[in-house]
Amino acid sequence: QVQLVESGGGLVQAGGSLRLSCAASGGIFSIDAMGWNRQAPGKQRELVAHITYDGSTNYADSVSGRFTISRDNAKNTVYLQMNSLKPEDTAVYYCAAQGVTAYDSGTYYRSQDYWGQGTQVTVSS
């Protein structure tokens, strides 16, 4: 089945950088859009960054200018480069794939959405 696996989270000091990766697998033909969301303790899950198949991007105001999202369509992978990290960025970061078309184990999946299990990012002050 289709799976998304995040990596690259960890502990970093304020002002530092991290690069998150998310690889989608499972007989995938195409993915319309990929993105990153995050959920901090006591807060709602929020959109961090989003990128379409053709490279159009958007960012939350709180991360604009500090984070950069990119994707490698051939590898079905999305990245999030996070610079100038702040303690407020501490959260579990979830990868999302929207509009996934795949064929796996005799089943055809058309334009379905998937979530990764999340990776923890902790920024110390």
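Counting from 1, the numbers follow the sequence of the chain as shown.
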Test item: Asp113 side-chain N/O and Gly99 main-chain N/O as donor-acceptor pair under 3.5 Å: yes

Exercise: identify the closest heavy-atom pair between Cys95 and Glu6: N-OE2, 2.9 Å

side-chain hydrogen bond (donor to acceptor under 3.5 Å, both in side chains) involving Thr52 - partner list, sequence neighbours excluded: Asp54

Partners meeting side-chain hydrogen bond (donor to acceptor under 3.5 Å, both in side chains) with Gln120 (sequence neighbours left out): Thr122

Can I get a per-line list of side-chain donor-acceptor pairs under 3.5 Å for residues 101-111, giving both atom names and the distance, sequence neighbours left out?
| from | atom 1 | to | atom 2 | distance (Å) |
| --- | --- | --- | --- | --- |
| Asp104 | OD2 | Gln1 | N | 2.6 |

hydrophobic_cluster_shared for Val123 and Tyr94, side chain cutoff 4.5 Å: no

Contacts of Asn76 that satisfy side chain to side chain contact (heavy atoms under 4.5 Å, CB included) - sequence neighbours left out: Ala24, Ile28, Ile31

Atom OH of Tyr53 with >12 non-hydrogen neighbours under 6.0 angstrom: no

Pairs touching residues 79-97 that satisfy salt bridge (Lys or Arg N to Asp or Glu O under 4.0 Å), sequence neighbours left out: Arg38-Asp89, Arg66-Asp89

With sequence neighbours excluded, residues passing side-chain hydrogen bond (donor to acceptor under 3.5 Å, both in side chains) with Gln112: Tyr114

Spacing of Lys43 atom NZ and Thr90 atom OG1 [to the nearest 0.5 Å]: 9.5 Å

Identify every side-chain donor-acceptor pair in residues 7-22 under 3.5 Å, counting partners at least two apart or on other chains, and give the distances.
| from | atom 1 | to | atom 2 | distance (Å) |
| --- | --- | --- | --- | --- |
| Ser17 | OG | Asn83 | OD1 | 2.9 |

Under the side chain to side chain contact (heavy atoms under 4.5 Å, CB included) test, residues paired with Thr57 that sit two or more places apart: Ile51, Tyr59, Ile69

Aromatic plane relationship, Phe67 with Tyr93 - under 30° parallel, 30 to 60° tilted, over 60° perpendicular: tilted

Straight-line distance of Trp36 CH2 to Glu46 CD, nearest 0.5 Å: 14.5 Å

Counterpart residues, side chain to side chain contact (heavy atoms under 4.5 Å, CB included), relative to Asp61 (two or more places apart): none

Same apolar cluster: Leu80 and Leu47, side chain cutoff 4.5 Å: no

Residues that Ala33 engages under side chain to side chain contact (heavy atoms under 4.5 Å, CB included), provided they are two or more places apart: His50, Gln98

